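Scroll down for the structure; my scribbles are underneath it.
The model shown is predicted, which means the values in this text are computed figures rather than measured ones.
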Amino acid sequence: MVKKEKEKIMLAEHVLEVRHAASGSFLDVRGYVADYVRESGILPHWKIDTNVVNFGDAPNEIEKEGAFAGFKSAGYMVYNPETRNYFVDKAGTFWRTLIKNQHYKLPEAIRFGTRTKVFLPSTKSFDEINKTIFDTFYTEQAKNIIGGKEQDVQFIFELIESQFNVRLSGGPIHENEVGKYLTFDSEEFKNCGIFLDLDYYKNKDIQNKDVPKLLKEAIELTWLKIENIANSLGL
């Protein structure tokens, strides 16, 4: 559970995915890669599938964090981190470890992407949150054109920010609803609130060595945008 500024509660899950050209040699060394990552001390469990090795913190499923390395992509995920730096630190360590492996040469990245889904619980009612979002993101002219009374407002924005393309979507969440959108569970899910989904990605001029730096910048921008939205909506 990420907390900041007077214990503001924000429950998040993060995913890093880096895509690269297909590596045929990976398919011949999946077992070596599985042992290599486990022996590095990053994650203790692995499972080999046809084209990918999945790693986790528990034998049968991911409880808090996991990773994957495949013949066309690799990545890391964290559910409900306790700090805002946790995901960046752990995913960065995994990536630096992976590109140093001696079992296959990781092709240069062709797409960098990191996605954050976050729930901001509130003591306000769904109708109050919904109206606040509608009033914040839509003008009076838009309301007149749309007509009717707002019932469940959702928003989507496609943006360019720094060196990233960004897709931001979100909206109000009913009581006991956000569990449908997040992988973990929390007592806070019983509350109403706002759900945000932020995807920062880049499709060119990416070098493998720069992925941790890209991740750090993207997550910093992500949390800044979440804070701005939360503060503007009074959450």
*State the CG-OG1 distance between L221 and T116, to the nearest 0.5 angstrom.*
11.0 Å
*If you take all heavy atoms of V52 and F68, which pair is closest and at what distance?*
CG2-CB, 3.9 Å
*Can you list the residues that meet the salt bridge (charged side-chain N to carboxylate O under 4.0 Å, His left out) rule with D197, with sequence neighbours excluded?*
R115
*asked:* For a 4.5 angstrom cut-off between non-hydrogen side-chain atoms, does P172 reach I194?
replied: no
*Can you list the residues that meet the salt bridge (charged side-chain N to carboxylate O under 4.0 Å, His left out) rule with K105, with sequence neighbours excluded?*
none
*Sorted by first residue and then second, give each side chain to side chain donor-acceptor pair (under 3.5 Å) pair with at least one member in residues 123-137; sequence neighbours left out.*
S125-E128, K131-D135, D135-K143
*Euclidean distance, L168 CG relative to K225 NZ, rounded to 0.5 Å*: 6.5 Å
*Determine the minimum heavy-atom distance between L98 and A74, stating which atoms define it.*
CD2-CB, 3.6 Å
_In the structure I gave you, are the side-chain heavy atoms of Y138 and V153 within less than 4.5 Å of one another anywhere?_
yes
*What orientation do Y36 and H103 show, parallel under 30°, tilted 30 to 60°, or perpendicular over 60°?*
perpendicular
*asked:* Per the salt bridge (Lys or Arg N to Asp or Glu O under 4.0 Å) rule, what does the pair list look like for residues 44-55, sequence neighbours excluded?
replied: none
*Which residue pairs pass the salt bridge (Lys or Arg N to Asp or Glu O under 4.0 Å) test when at least one of the two sits in residues 16-40, sequence neighbours left out?*
E17-R19, D35-R38
*Quick one: closest heavy-atom pair of G171 and I133, and the distance?*
C-CD1, 4.0 Å
*How would you list all residue pairs meeting side chain to side chain donor-acceptor pair (under 3.5 Å) that involve residues 162-172, not counting sequence neighbours?*
E158-R167, S162-E217, Q163-K202, Q163-E217
_Side-chain heavy-atom pair S122, I129 within 4.5 angstrom cut-off_ = yes
*State which residues pass salt bridge (charged side-chain N to carboxylate O under 4.0 Å, His left out) with E108; sequence neighbours excluded, sorted by chain then number.*
none
*Would you say the side-chain atoms of N191 and E188 include a donor-acceptor pair closer than 3.5 Å?*
yes
*asked:* If the condition is salt bridge (charged side-chain N to carboxylate O under 4.0 Å, His left out), which residues does K216 pass it with, not counting sequence neighbours?
replied: E220
*Between CD1 of I219 and CG of L198, what distance do you get to the nearest 0.5 Å?*
9.0 Å
*Nearest-0.5 Å distance, OH of residue Y86 to CG of residue N80*: 11.0 Å
*Could you pull out the closest heavy-atom pair between A58 and H45, with the gap in Å?*
C-CD2, 3.3 Å
*Look at the rings of F137 and F157 and say which category their plane angle falls in: under 30° parallel, 30 to 60° tilted, over 60° perpendicular.*
tilted
_L159 with L196, same ILVMFWY side-chain cluster at under 4.5 Å_ = yes
*If you look at every heavy atom in P212 and W95, which pair is closest and at what distance?*
CD-CD1, 3.7 Å
*Side-chain heavy-atom pair F112, L16 within 4.5 angstrom cut-off*: yes
_Student check: side-chain heavy atoms of F26 and V53 closer than 4.5 Å_ = yes
_Identified side-chain hydrogen bond (donor to acceptor under 3.5 Å, both in side chains) counterpart of T183 within the set E13, E61, K117_ = E13
_Flag side-chain contact, heavy atom, 4.5 Å: F195 against V118_ = no
*Applying salt bridge (Lys or Arg N to Asp or Glu O under 4.0 Å), which residue pairs with at least one partner in residues 63-77 are found, sequence neighbours left out?*
E65-K90
*With side chains defined as the heavy atoms from C-beta onward, is the minimum distance between R111 and K204 less than 4.5 Å?*
no
*Donor-acceptor contact below 3.5 Å, side chain N208 vs main chain P107*: yes
*Given side chains that start at C-beta, do those of E227 and M10 come closer than 4.5 Å, heavy atoms only?*
yes
*Might you point out which heavy atoms bring A12 and W223 nearest each other, and give the distance in Å?*
CB-CH2, 4.0 Å
*Got a sec, which residues hit side-chain hydrogen bond (donor to acceptor under 3.5 Å, both in side chains) with T93, two or more places apart in sequence or on another chain?*
none
_With D199 via side-chain hydrogen bond (donor to acceptor under 3.5 Å, both in side chains) - residues at least two apart_ = none
_Between Q102 and K100 (side chain of the first, backbone of the second, donor and acceptor by atom type, cut-off under 3.5 Å), is there such a pair?_
yes
*asked:* To the nearest 0.5 Å, what is the distance between CD1 on I42 and CG on D57?
replied: 13.0 Å
_Parallel, tilted or perpendicular: ring planes of F94 versus Y76, cut at 30 and 60 degrees_ = tilted
*State which residues pass ring pair (Phe, Tyr, Trp, His ring centres under 6.0 Å) with F126; sequence neighbours excluded, sorted by chain then number.*
H174
*Distance in Å, I62 CD1 paired with N54 CG, rounded so as to fall on 0.5 Å steps*: 7.0 Å
*asked:* Under a 3.5 Å distance rule, please check whether N101 uses its side chain to pair with a backbone N or O of Y104 as donor and acceptor.
replied: yes
